[in-house]
Amino acid sequence: EPEVTQTPSHQVTQMGQEVILRCVPISNHLYFYWYRQILGQKVEFLVSFYNNEISEKSEIFDDQFSVERPDGSNFTLKIRSTKLEDSAMYFCASSVNLAKNIQYFGAGTRLSVL
Amino acid sequence: AQKITQTQPGMFVQEKEAVTLDCTYDTSDPSYGLFWYKQPSSGEMIFLIYQGSYDQQNATEGRYSLNFQKARKSANLVISASQLGDSAMYFCAMILGLSGTYKYIFGTGTRLKVLA
């Protein structure tokens, strides 16, 4: 069964460093998303991406964040200068269309900022 | 304001019994979708079931069914014949249809523990 894959599963970084979280969405999906979940809290929307551009972003997704689809398969989230409060689980998701918009999630990348 | 509320932070159920996880939502958008996801201790988010606001029948997927009460704005998940592997965090989520948004709005989750 096709799935969304995320790498790495755990990323440890120093405050102020740049990190890139990688995702390979399901191959025939057209819509891509990033969400984050701070430990013990609810899942929060960050950004959605379609047709090589951001379609929607939340107030969390400020200038330190960026997304890119560098080739036909990868979808990345870059955090330019990490802060302690960026420590969270980051989920990538994809969906095939907006009719029901069932989003399929990856297993997540746990980001720990020290 | 659009919002999902899950009032049960934790639930216990005996193996083989049925359990209902509550979810209420708030939106003025007439077109929306409601979802339930399971998050085991390993962390991944697993899609369980979907209900559209215009669907006449309650959604069912195997042991999962969604008790959709539109007038009450509730979308409770019913798990029949609970199994030990059902122990996990369960999230209710909503997406709004007409406002052109793609994002899920999640509730705070309910942690279910199935007892042997």
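This one's a predicted model, so the numbers in the text were calculated from it and none came from an experiment. Every chain is numbered from 1, with letters handed out A, B, ... down the list of sequences.
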Work out which heavy atom in K42(A) is nearest to a heavy atom in T108(B); give both atom names and the distance.
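Looking at all heavy atoms of both residues, the shortest contact is CB-CA, 3.9 Å.
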Please classify the contact between E44(A) and chain B as side chain, backbone, both or neither, with a heavy-atom cut-off of under 4.5 Å.
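No part of E44(A) comes within 4.5 Å of chain B.
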Portion of Y50(A) that has a non-hydrogen atom of chain B nearer than 4.5 angstrom
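Neither the backbone nor the side chain of Y50(A) comes within 4.5 Å of chain B.
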With clusters defined by side-chain heavy atoms of hydrophobic residues (ILVMFWY) lying less than 4.5 Å apart, directly or transitively, does [Y] cluster with [X]?
X	Y	result
L46(A)	L21(A)	yes
I46(B)	Y35(A)	no
F45(A)	L30(A)	yes
F49(A)	Y104(A)	no

Could you state the interatomic distance from CD1 (I102(A)) to CD1 (I49(B)), rounded to the nearest 0.5 Å?
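So the CD1 of I102(A) and the CD1 of I49(B) are separated by 10.0 Å.
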Measuring from S58(A):OG to K103(B):NZ, what's the distance to the nearest 0.5 Å?
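Separation between the atoms: 7.0 Å.
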Tell me whether the count of non-hydrogen atoms from other residues, nucleotides or ligands lying under 6.0 Å of [atom1] in [X] goes above 12.
X	atom1	answer
R69(A)	CZ	yes
K3(B)	NZ	no
R63(B)	CZ	yes
L114(A)	CG	yes
K16(B)	NZ	no
N28(A)	CG	yes
E85(A)	CD	yes

Given a strict heavy-atom distance threshold of 4.5 Å, which part of Q6(B) is in contact with chain A: side chain, backbone, both, or neither?
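No part of Q6(B) comes within 4.5 Å of chain A.
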What part of Y104(B) gets within 4.5 angstrom of chain A, counting heavy atoms only: side chain, backbone, both, or neither?
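Y104(B) touches chain A through backbone and side-chain heavy atoms alike.
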Heavy-atom contacts under 4.5 Å, residues 86-96 of chain A to chain B
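Listed by number, the contacting residues are M89(A), F91(A).
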I95(B) and Q103(A), any side-chain heavy atoms less than 4.5 Å apart:
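Touching, per the 4.5 Å side-chain cut-off.
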Does any part of the side chain of F106(B), heavy atoms only, come nearer than 4.5 Å to the side chain of Q41(A), both counted from C-beta?
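Of all side-chain heavy-atom pairs linking F106(B) with Q41(A), none is under 4.5 Å.
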Heavy-atom pairs under 4.5 Å with chain A: which of F91(B), F47(B), F35(B), Y50(B) has the most?
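That would be Y50(B).
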